[in-house]
Protein chains: 2
Amino acid sequence: MPSEKVTSVDVAKRAGVSQSAVSRVFTPGASVSPKMAEKVLKAAEELGYRPNVLARSLITGRSRIIGLVVAYLDNQFYPDALERLSNALQTHGYHILVFMVSNDESGTEKVMGELLDYQVDGIITASVAMSNALAARCAAAGVPVVLFNRGQDDERLNQVTSNNYIGGRRIADFLIAGGHTRIAHIAGWSGSSTGRDRRHGFEDRLREKGLDLVACIDGMYRREIAAQAARDMFAGDVKPDAIFVGNDHMAFAVLDTLKHELKLDVPGEVSVVGYDDVPMAAWPSYDLTTLRQPSGRMVEATVKTLLDWIEEGSRDVRKIEIDGPLMIRGSARVPEGWSYEGL
Amino acid sequence: MPSEKVTSVDVAKRAGVSQSAVSRVFTPGASVSPKMAEKVLKAAEELGYRPNVLARSLITGRSRIIGLVVAYLDNQFYPDALERLSNALQTHGYHILVFMVSNDESGTEKVMGELLDYQVDGIITASVAMSNALAARCAAAGVPVVLFNRGQDDERLNQVTSNNYIGGRRIADFLIAGGHTRIAHIAGWSGSSTGRDRRHGFEDRLREKGLDLVACIDGMYRREIAAQAARDMFAGDVKPDAIFVGNDHMAFAVLDTLKHELKLDVPGEVSVVGYDDVPMAAWPSYDLTTLRQPSGRMVEATVKTLLDWIEEGSRDVRKIEIDGPLMIRGSARVPEGWSYEGL
DNA sequence: TCTCAATTTGCATACCTATGCAATGCGTTC
DNA sequence: GAACGCATTGCATAGGTATGCAAATTGAGA
């Protein structure tokens with residue numbers, strides 16, 4: 001049994017060729033004769049040789065590592081995206097290096113440094129914003145960045161989101177059509193573009209239709225806060241007859257609170273609409289009406305953008321917005337004549 | 001603005017010292033005078049220098065990368081574990097490189113190769129088994145492996161699990177004490193140690209008490225299969241009055257099917273018990289009685305084992321089993337006198 | 001059979017950092 | 001003031017691979 005690291009030199013020695021020959025055999029597109037390839041592969045096989053990715057990256061300047069920065073994994077949207085991203089990148093020979101970060105400035109700063117230390121070929125941030133200083137550093141290092149599910153003005157940052165503003169409007173239309181009159185909003189974190197855009201779209205459309213929110217609370221994308229918001233809303237004098245919750249993750253907590261704690265009938269007494277359409281939203285216990293963020297297509301766009309930058313040398317910054325349908329299920333009153341196809 | 005990669009040589013030049021000096025300043029524990037450190041750090045700061053982890057790893061033989069192999073992220077247990085693992089390792093200066101794998105032999109084989117190409121310092125496999133050939137290769141490469149939540153006989157592989165056999169027995173005791181007489185099991189994948197151990201513990205204890213399973217179906221750890229199993233069980237002549245489901249992920253599907261599709265009262269007509277105690281199990285809509293796998297402590301044990309091997313040179317293979325309590329909630333009839341403290 | 005172009009191979013070097021070894025500098029003690 | 005020990009520094013090399021360039025080989029064409 002071969003014990004320690006075996007290098008290209010070992011293989012070269014055994015095959016009776018030069019180290020460069022070995023290297024070429026393992027470099028796609030290099031010039032090698034069939035019989036050379038055969039000799040080398042045989043020797044490599046016997047010794048159990050595989051090229052050292054790290055050493056290779058030192059020369060090529062390519063690590064085949066993509067850094068993923070993510071704040072939480074308890075919102076099902078993110079593990080789902082992570083799984084898709086990882087699979088997609090894997091088929092292209094890249095892998096994901098994970099960096100967990102608390103969603104504040106200093107944490108991001110520190111983690112981004114470590115990220116660049118690994119010479120990553122690209123960076124994906126999921127639900128995390130970046131300071132302009134950081135964007136500058138990445139740009140200086142020539143490392144492309146894609147903000148996944150978060151928008152930002154910086155003209156160096158690619159981004160892939162759903163069309164949150166339109167989504168918010170669409171949900172407003174749906175609730176109005178359903179005849180709701182006391183509409184409330186438990187918003188996504190106001191520090192995030194997604195939270196703000198959804199809210200603005202929602203509010204704007206309501207206002208256009210002559211309606212005002214009866215209540216609006218920032219749920220911070222956190223379960224407990226959203227649950228408390230729901231309680232507070234029903235402790236006041238005007239009880240909402242519909243709540244748009246800023247994402248599914250919070251919507252589940254709101255549903256739990258309304259149904260099991262406040263003993264309200266959903267959608268009889270109050271309609272609930274979420275945002276994301278995570279897999280769990282379709283589970284019968286929640287059966288949540290929600291606006292789908294098409295994570296499959298968002299991942300595709302993210303990977304394509306990244307690879308275009310890395311492998312094709314593209315330098316045009318993309319701001320991609322992907323539309324998703326409203327998934328009409330049982331947690332909100334369905335207006336006359338609406339259905340999936342109705343969109 | 002500094003454009004391209006800045007190296008230790010650049011810093012050395014600017015500070016008027018040797019490259020080795022720069023290296024030493026950035027190597028903890030190396031010998032440097034205060035004024036040298038100051039000079040170098042100043043120059044580094046000005047140029048925006050940070051050591052190249054990859055180049056460093058070429059010398060030290062340490063990449064500070066831990067490979068994580070995982071099959072699915074839709075079972076909340078795994079993203080939860082991933083988050084904890086990543087955080088724990090991050091505080092020790094390590095990071096996780098993710099490898100998704102379909103849960104079959106060939107996929108694992110391929111992915112493990114890529115894993116070793118990255119010169120990872122250690123490998124964690126979550127819910128994935130390894131062929132002995134692979135275990136041998138990792139051992140030969142000197143890379144420690146920890147099986148997380150999966151057991152295997154190979155004497156080269158560390159493993160961290162809960163005590164699945166005891167857990168199965170404990171659930172049997174609980175259901176028997178609850179007066180159930182027609183007990184069924186929707187098992188975890190029989191190809192996995194966890195699935196088998198839980199089942200054996202469960203069956204053994206039932207048999208000791210003179211009971212036989214009225215039905216037992218392999219749920220393969222998949223929602224749809226578990227749901228179908230539940231339907232099948234209630235299509236027969238003897239309807240179960242209790243079902244132990246091999247993990248929470250499947251248990252949610254079973255609960256959905258029983259409550260919303262078959263319109264059964266839980267726990268009135270049938271008790272359901274899960275395994276894992278993922279966060280979602282405590283959500284009011286499911287309120288699932290389940291045996292907790294203490295993922296926090298499992299992660300601790302995993303990280304400690306890994307670091308002992310990597311940094312302390314430990315070579316003793318550990319087979320760690322961590323006990324967890326039964327979390328008594330509302331999805332199963334509670335026997336007279338039982339409660340959390342009753343354990 | 002000889003020439004020439006095209007293909008394949010080897011040589012040497014570079015990528016960026018850490019570290020053993022020798023040399024230098026410093027402070028201390030007698 | 002000299003000798004000694006210790007802390008600090010620089011020099012040179014290694015770690016595993018890719019690649020430009022020149023040398024060698026191959027094959028075709030006449």
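What you see below is based on every heavy atom in this structure, not just the backbone, and it leaves out hydrogens, waters and symmetry mates. Chain naming here is simple, since letters A, B, ... match the order of the sequence lines and numbering starts at 1 in each.
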Report the distance from atom CD of A/Gln119 to atom CG of A/Leu54, rounding to the nearest 0.5 Å.
-> 10.0 Å

Along DNA chain D (nearest heavy atom to each residue), the more 5'-positioned of B/Val17 and A/Ala55 | B/Val17

Taking for B/Ile59 and for B/Ser18 the nucleotide of DNA chain D with the nearest heavy atom, the one nearer the 5' end belongs to B/Ser18

Strictly by modelled atom types, are A/Thr194 and A/Tyr221 linked by a side-chain donor-acceptor pair under 3.5 Å?
-> yes

Taking CG from A/Leu54 and P from D/dT17, how many angstroms apart are they, rounded to a whole number?
-> 11 Å

First locate atom NZ of A/Lys319, then atom OG1 of A/Thr305, and finally report the distance between them rounded to the nearest 0.5 Å.
-> 11.5 Å

Tell me which of B/Leu58 and B/Ala21 sits closer to the 5' end of DNA chain C, going by the nucleotide each one is nearest to.
-> B/Leu58

Report the C-alpha distance between B/Lys304 and B/Asp308 in whole Å, list the side-chain angles of each, state the deciding distance to 0.1 Å, and finish with yes or no for salt bridge (charged side-chain N to carboxylate O under 4.0 Å, His left out).
-> CA-CA 6 Å; B/Lys304 178 148 189 356; B/Asp308 283 352; 2.8 Å; yes

side-chain contact (heavy atoms from CB on, under 4.5 Å) evaluation trace for B/Tyr78 with B/Asn149 | CA-CA 10 Å; B/Tyr78 292 107; B/Asn149 203 28; 3.0 Å; yes

Outermost DNA chain C nucleotides near chain A [under 4.0 Å, heavy atoms] = C/dT8 to C/dC16

Across the strands shown, which category fits B/Val22 at heavy-atom distances under 4.0 angstrom: base, sugar-phosphate, nothing?
-> nothing

Do any side-chain nitrogens or oxygens of A/Tyr49 fall under 4.0 Å of OP1 or OP2 in D/dT17?
-> yes

Is the closest basic N to carboxylate O distance between B/Glu114 and B/Lys110 below 4.0 Å?
-> yes

Kindly indicate whether the side chain of B/Gln19, heavy atoms from C-beta on, has any atom under 4.5 Å from the side chain of B/Thr7.
-> no

Where along residues 24-35 of chain A does a heavy atom fall under 4.0 Å from DNA chain C?
-> A/Arg24, A/Ser31, A/Val32, A/Ser33

With respect to the side chain of A/Thr7, which nucleotide from D/dG16, D/dG15, D/dA12 is positioned closest?
-> D/dG16

Rounded to whole Å, CD of A/Gln19 lies from C1' of D/dA14 at a distance of 14 Å

With A/Leu115 as partner, the option from A/Val120, A/Thr125, A/Val101 fulfilling side-chain contact (heavy atoms from CB on, under 4.5 Å) is A/Val120

To the nearest 0.5 Å, what is the distance between OG (B/Ser193) and CG (B/Asp153)?
-> 9.5 Å

Starting from C1' on D/dG16, measure out to CG on B/Asp117 and report it in whole angstrom.
-> 13 Å

CG of B/Asn52 versus P of D/dG16: gap in Å, rounded?
-> 16 Å

